[in-house]
Amino acid sequence: NDPALMQNFEARRATFAGVRHPIDHERLARAGFYSTGRGDAVLCFHCGGGLNNWQPEEDPWVEHAKHYPGCSFLLANKGPEFVNSIQLQRPQH
Ligand SMILES: [Zn+2]
């Protein structure tokens with residue numbers, strides 16, 4: 001996968017074709033992620049942050065904010081208040 005192409009939502013979603021993933025492919029792609037092709041591992045096209053070991057109840061935007069709060073794609077889409085609120089919840093996890 002060419003990271004530059006992964007700026008496109010449809011290109012990101014296409015990487016999940018045929019991948020068994022506990023999270024909906026469209027939700028992952030909307031949150032900036034594309035499949036690495038290795039298990040459930042994904043990468044953010046913008047910050048390059050990787051995530052795996054997904055649980056079915058997890059939200060891709062929340063996980064993005066939890067692990068990569070400095071991602072400007074995340075901040076542009078969800079806003080700093082969303083990211084701050086997720087970061088404030090961290091000690092409970
Ligand atoms: Zn990111």
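Bear in mind the structure is a predicted one, so any value in this text is a computation, not a measurement. Both ligands and their constituent atoms are indexed starting at 1 by order of listing. Just so you know, these numbers use all the heavy atoms, side chains as well, and skip hydrogens, waters and symmetry mates.
Because the distance cut-off is set at 2.8 Å, His46 fails to qualify as a neighbour of the Zn ion (ligand 1), as none of its N, O or S atoms comes that close.
Using a 4.0 Å cut-off between charged nitrogen and carboxylate oxygen, Arg27 and Asp59 count as a salt-bridge pair.
Taking the Zn ion (ligand 1) as the corner point, the angle from His64 atom NE2 to Cys47 atom SG is about 120° (rounded to 10 degrees). Remark: at the Zn ion (ligand 1), atom SG from Cys44 and atom SG from Cys71 enclose 110°, rounded to the nearest 10 degrees.
More than 12 non-hydrogen atoms from other residues, nucleotides or ligands lie less than 6.0 angstrom from CD of Glu57.
Cluster membership for Leu43 and Met6, using ILVMFWY side-chain heavy atoms within less than 4.5 angstrom, is shared.
Ring centers of Phe45 and Tyr34: at least 6.0 Å apart, outside the cut-off.
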